Amino acid sequence: MTAITTVRPPASALGRVLNVVKLHVTNPWNTIAVPWMIMGIILLANLAIWGIILSAAAPADRVSIREGLAYSGGSTFIFVYMMVVAIQAISVTFPFALGFGVTRRDYYLGTALAFTGLAAMFSIGLTILAAIEDATGGWGLGGRLFTTAYFGENWIQRLFIYFAAFLFFFTIGMAAASIWVRWKANGIIAFFIGLGIVVIGGAALLTYTNSWGGFGNFFATAGLVGSFAWSLVIAAIAGISGFFVLRKATPKN
Amino acid sequence: MTNIIEVSGLTKRFSGVTAVDDATFSVGENKIYGLLGRNGAGKTTLMQLLTGQDFATKGEISVFGQSPVENASVLQHISFIKESQRYPEDFRAKHVFRSAPWFFSNWDADFAEQLIADFRLPLNRRIKKMSRGQVSAIGVIVGLASRAPLTFFDEPYLGLDAVARQTFYDRLLADYAEHPRTVVLSTHLIDEVSNLLEHVLVIDEGRIIIDEDAETLRGSATTVVGTRPAVDAFVGAREVLHRDAIGGLASVTITGLSAQERKDATAAGLELAPVSLQQLIVRRTNTSEKEFEAIA
């Protein structure tokens with residue numbers, strides 16, 4: 001191999017992956033600032049709604065209102081939004097990073113690492129908000145946004161469930177973005193048609209084999225935490241498939 | 001001379017289109033190459049193949065002695081500036097220059113700063129709000145300041161005005177003299193860059209039709225001007241690349257002349273004029289097109 005002289009030694013294997021991680025947060029606006037702002041707006045909107053409900057309801061009904069709010073879906077939006085963040089981030093940074101001489105492998109590993117870091121950061125943040133919600137009796141209004149029933153009963157469960165949910169949506173986003181980067185709109189259409197066939201086929205299979213009960217039992221047996229743990233299997237499959245899709249992608253205009 | 005790039009029998013087919021057709025050539029170390037050709041001739045595809053951004057259908061590519069595909073040890077030494085390079089939409093120019101040094105170990109921040117001033121690039125403006133020329137300037141600055149041992153510029157000047165283009169050529173030449181490296185410049189503004197180029201590769205319909213030293217290429221044709229009978233007598237059976245005639249005067253471009261032939265021409269009262277690289281390539285490209293038609 002021809003000797004190549006450089007001023008500084010080129011980045012090591014780990015250094016190259018970390019460079020991609022840094023690339024994702026070079027401008028933290030879309031990946032960090034916007035999601036928190038959205039979360040803040042959801043919280044403010046819910047505070048207003050709780051305030052209105054409380055001022056309108058009879059004091060005797062407050063307990064049942066609090067029970068009803070245990071199934072609030074306000075904070076679920078943030079998870080779906082992270083899927084959008086993943087798709088956006090990959091579709092704009094992939095052609096950019098390849099122009100900077102990054103291999104697809106380093107790009108994907110760095111992206112996965114960056115998203116895992118973001119998942120950890122947002123999970124910790126939501127866990128802290130849940131603790132505040134508990135400590136202040138639901139922001140002083142008996143409201144529930146971060147401590148709803150499907151996020152578990154204590155902070156350890158919540159941290160795990162938040163983290164698993166973020167990983168799930170990030171990896172689905174990574175797989176979808178890889179399909180987009182490689183095959184553009186046709187790929188996405190084919191992907192969703194395929195997904196639809198699998199879901200309908202699965203439902204048909206459950207129906208014809210009278211297995212819906214067993215299907216429900218699976219989640220009942222696994223429990224809340226167990227079910228989220230199983231979602232990590234889907235996340236792993238999506239994450240690994242995305243890698244093989246992106247491995248052959250070419251940056252297009 | 002060491003070769004940085006060796007390509008043999010390289011072919012890239014897209015559905016029904018052969019973008020690169022059985023290309024074989026090499027690129028020597030520390031020279032400025034011109035990759036010239038018409039729009040759609042296959043220049044960008046060829047560069048995407050050389051930088052591992054696209055995958056070959058057939059043939060061999062060796063860059064720094066290895067295949068560039070997914071090869072970090074090769075790609076780390078390459079800077080590839082595309083006219084169509086996409087930047088993250090929410091990035092400002094400063095974000096690009098903040099991240100570039102992580103990827104280019106030869107990055108010169110002072111040089112980048114000087115270039116930013118030269119091109120009057122607004123660092124704090126969002127890239128999606130920039131003019132075409134300003135976006136091109138970002139690419140040009142990255143390409144120059146990265147000082148990669150192998151730098152590709154694919155039509156980097158879109159939207160740049162004549163002054164900015166001249167700045168680019170001047171800085172490239174000055175920096176190249178101080179920090180020799182291999183540069184492959186693809187363009188269709190042939191005359192603008194003709195003084196920069198040391199070697200010329202011309203691609204037409206995916207085929208490499210000219211692979212020659214720039215100096216040799218410039219000397220490979222001459223235009224003979226004079227009265228029609230005198231010109232015709234001198235040209236005789238030589239290969240004619242181009243012919244113009246006005247009234248009794250004729251101007252004929254023919255392949256290179258020896259020193260003795262030049263003397264003969266002058267003695268016959270003919271004027272000899274050099275042919276610009278652009279004219280030469282236009283004519284050679286036309287010739288080859290006719291040849292292709294004849295074969296087909």
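Since the model is a prediction, treat every value here as computed from it, not as a measurement. The sequence lines fix the lettering, A, B, ..., with proteins before strands; numbering per chain opens at 1.
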query = Quick one: what part of A/Ala249 sits under 4.5 Å from any heavy atom of chain B, side chain, backbone, both or neither?
reply =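 The backbone, not the side chain.
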With a 4.5 angstrom heavy-atom cut-off, could you sort out which part of A/Asn19 is near chain B: side chain, backbone, both or neither?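 Both parts, heavy atoms under 4.5 Å.
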Tell me, side chain or backbone of [X] under 4.5 Å from chain A's heavy atoms, or both, or neither?
X: B/Ser99; value: both
X: B/Ala148; value: neither
X: B/Phe104; value: both
X: B/Asp108; value: neither
X: B/Val142; value: side chain

Checked A/Lys248, A/Arg105, A/Lys22, A/Arg16 vs chain B; the most non-hydrogen pairs under 4.5 Å come from A/Lys22
query = Relative to each other, are the rings of A/Phe166 and A/Phe122 parallel, tilted or perpendicular (30° and 60° limits)?
reply =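 The arrangement is tilted - the two ring planes meet at 30° to 60°.
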Ranked by heavy-atom pairs below 4.5 Å to chain A, first place among B/Phe103, B/Trp102, B/Phe152 goes to B/Trp102
B/Thr2 vs B/Glu29, test: side chain to side chain donor-acceptor pair (under 3.5 Å). Steps then yes/no.
CA-CA 6 Å; B/Thr2 330; B/Glu29 192 177 19; 3.3 Å; yes
Would you say the side-chain atoms of [X] pair up with the backbone N or O of [Y], donor to acceptor, closer than 3.5 Å?
X: B/Arg92; Y: B/His95; result: no
X: A/Tyr81; Y: A/Met39; result: no
X: B/Ser26; Y: B/Asn3; result: no

Exercise. Only one of A/Ile128, A/Leu145, A/Thr148, A/Leu126 clears side chain to side chain contact (heavy atoms under 4.5 Å, CB included) with A/Glu133; which?
Worked result: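 Testing A/Glu133 for a side chain to side chain contact (heavy atoms under 4.5 Å, CB included) against A/Ile128, A/Leu145, A/Thr148, A/Leu126 leaves exactly one candidate, A/Leu145.
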- Message: Checking A/Phe146 against A/Phe151 for the ring-ring contact (aromatic ring centres under 6.0 Å, His included) test, could you report, in this order, the C-alpha distance in whole Å, the side-chain angles of both residues, the deciding distance, and whether it holds?
- Response: CA-CA 7 Å; A/Phe146 305 104; A/Phe151 291 144; 8.1 Å; no
